[in-house]
Amino acid sequence: MPNAESLEVLYSEKVIAERIRILGAEITQNYQGKELILVCVLKGAFPFLADLCRAIDMDVRIEFLGVSSYGAGTKSTGVVRITQDLAHPIKDKHVLLIEDIVDTGLTLRYILDNLTTRNPSSIGICTLLDKPANRRVEVEVDYSGFTIPDHFVIGYGMDLAESYRNLPYIGYFPPETLGKD
Ligand code: PRP
């Protein structure tokens, strides 16, 4: 595993916080008078959920959805299973899925198909990072923090072999530092 010292910072703690403040204000405005459930897609979205929910100035419900992609490595397989389901029904509620990153879109496609069968009033998508260059299926992102180039990013919830999730910023290892060590 590469050394954290070779990490390039993509978005600092301060930049992330400022962007989330704006996203929170937009969500607050758009969901006024509605019953909103924030569904945090585990594990990577947990810091984003924690910061975003405090930037939303209205009452919201919080739910967690555990999903796991079959297959190891850094590439999505598209085969997803639910490892921890929502604790409450979402029928007739407004759901906003909270993701750390949308890459191929395969994970969200599966989640959307699954949750739609439960008849919510609406399902929106809020992702901190969007990597449209890698998209394999179409998903409509409603709120996006940053559109990123094709880096394998870590930190602020995102991992490399389960490490680095607790970094307060988002970074990536330059290609020349990978494969060493
Ligand atoms: C990451 C991320 C998204 C998914 C995006 O989860 O949190 O759920 O990949 O990739 P996709 O658009 O190509 O499907 P991961 O499977 O790494 O699990 P984790 O959140 O537990 O780290």
(message) Tell me if the CD atom of Q32 is crowded by more than 12 foreign heavy atoms within 6.0 Å.
(response)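 Enclosed: over 12 neighbouring heavy atoms sit under 6.0 Å from CD of Q32.
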
In Å, rounded to the nearest 0.5 Å, how long is the span from [atom1] of [X] to [atom2] of [Y]?
| X | Y | atom1 | atom2 | value |
| --- | --- | --- | --- | --- |
| N114 | R81 | CG | CZ | 14.0 Å |
| M158 | I101 | CE | CD1 | 6.0 Å |
| C53 | L96 | SG | CG | 12.0 Å |
| H94 | I123 | NE2 | CD1 | 11.5 Å |
| S6 | F173 | OG | CZ | 5.0 Å |
| L115 | L97 | CG | CG | 6.0 Å |

(message) Measuring centre to centre across the rings, with the benzene-like ring taken for any Trp, is Y156 within less than 6.0 Å of Y164?
(response)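 Centroid distance Y156-Y164: not below 6.0 Å, so no.
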
Joint hydrophobic cluster, [X] plus [Y], side-chain heavy atoms closer than 4.5 Å:
| X | Y | answer |
| --- | --- | --- |
| L36 | L86 | no |
| I125 | V67 | yes |
| V41 | I82 | yes |
| I27 | L108 | no |
| L65 | V141 | yes |

(message) Determine whether F64 and V39 satisfy the following criterion, side chain to side chain contact (heavy atoms under 4.5 Å, CB included), listing intermediate values before the conclusion.
(response) CA-CA 5 Å; F64 295 92; V39 172; over 6 Å; no

(request) Apply side chain to side chain contact (heavy atoms under 4.5 Å, CB included) to F46 and D100, showing your working. (result) CA-CA 8 Å; F46 78 92; D100 48 346; over 6 Å; no

Show me the donor-acceptor pairs within less than 3.5 Å that the side chains of residues 13-21 make with the rest of the protein, sequence neighbours left out.
unit_1 : atom_1 : unit_2 : atom_2 : d
E18    : OE1    : R21    : NE     : 3.3
E18    : OE2    : R21    : NH2    : 3.0
R19    : NE     : G145   : O      : 2.7
R19    : NH2    : S144   : O      : 2.9

Heavy-atom closest pair, residues [X] and [Y]:
| X | Y | result |
| --- | --- | --- |
| C126 | F48 | SG-CZ, 3.7 Å |
| P89 | I37 | O-CD1, 4.4 Å |
| R135 | D130 | NH2-OD1, 2.8 Å |

(request) For the pair D159 (side chain) and R165 (backbone), establish whether a donor and an acceptor sit closer than 3.5 Å, ignoring hydrogens and angles. (result)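 No, the answer is negative, given that no donor and acceptor are paired below the 3.5 Å cut-off.
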
(message) Whether the side chain of T83 engages the backbone of G66 through a donor-acceptor N/O pair (distance < 3.5 Å, no angle test) should be reported.
(response) yes

(request) Under the salt bridge (Lys or Arg N to Asp or Glu O under 4.0 Å) rule, collect the residues that match up with E8, sequence neighbours excluded. (result)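 Result, salt bridge (Lys or Arg N to Asp or Glu O under 4.0 Å) vs E8: none returned.
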
(request) With sequence neighbours left out, write down each residue that passes salt bridge (Lys or Arg N to Asp or Glu O under 4.0 Å) with D57, or none if nothing qualifies. (result)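 For D57, no residue satisfies salt bridge (Lys or Arg N to Asp or Glu O under 4.0 Å) once neighbours in sequence are set aside.
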
(message) Just to verify, what does N119 make a side-chain hydrogen bond (donor to acceptor under 3.5 Å, both in side chains) with, not counting sequence neighbours?
(response) none

Considering only heavy atoms from C-beta outward, does the side chain of [X] approach that of [Y] to under 4.5 Å?
| X | Y | value |
| --- | --- | --- |
| L106 | V80 | no |
| L42 | Q84 | yes |
| V95 | L38 | no |
| V137 | T104 | no |
| I56 | M58 | yes |

(request) List the steps, then state whether side chain to side chain contact (heavy atoms under 4.5 Å, CB included) holds for V102 with L129. (result) CA-CA 7 Å; V102 183; L129 304 181; over 6 Å; no

(message) Closer than 4.0 angstrom, basic N to acidic O: yes or no for R118 and D92?
(response)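 Here R118 does not pair with D92 in a salt bridge, since their nearest N and O are not under 4.0 Å apart.
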
(message) Name the residue from I148, I154, V9, L128 that meets the side chain to side chain contact (heavy atoms under 4.5 Å, CB included) definition with I170.
(response) L128

(request) Take Y143 and N30 through the side-chain hydrogen bond (donor to acceptor under 3.5 Å, both in side chains) test and state the conclusion after the steps. (result) CA-CA 11 Å; Y143 304 91; N30 293 346; 2.8 Å; yes

(request) Could you note down all residue pairs passing salt bridge (charged side-chain N to carboxylate O under 4.0 Å, His left out) where residues 27-43 supplies at least one of them, sequence neighbours left out? (result) E35-K93, K43-E162

(message) Enumerate the ring pair (Phe, Tyr, Trp, His ring centres under 6.0 Å) contacts for residues 7-42, please, sequence neighbours excluded, ordered by first and then second residue.
(response)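 Applying ring pair (Phe, Tyr, Trp, His ring centres under 6.0 Å) to every pair that reaches into residues 7-42, excluding sequence neighbours, yields Y11-F146.
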
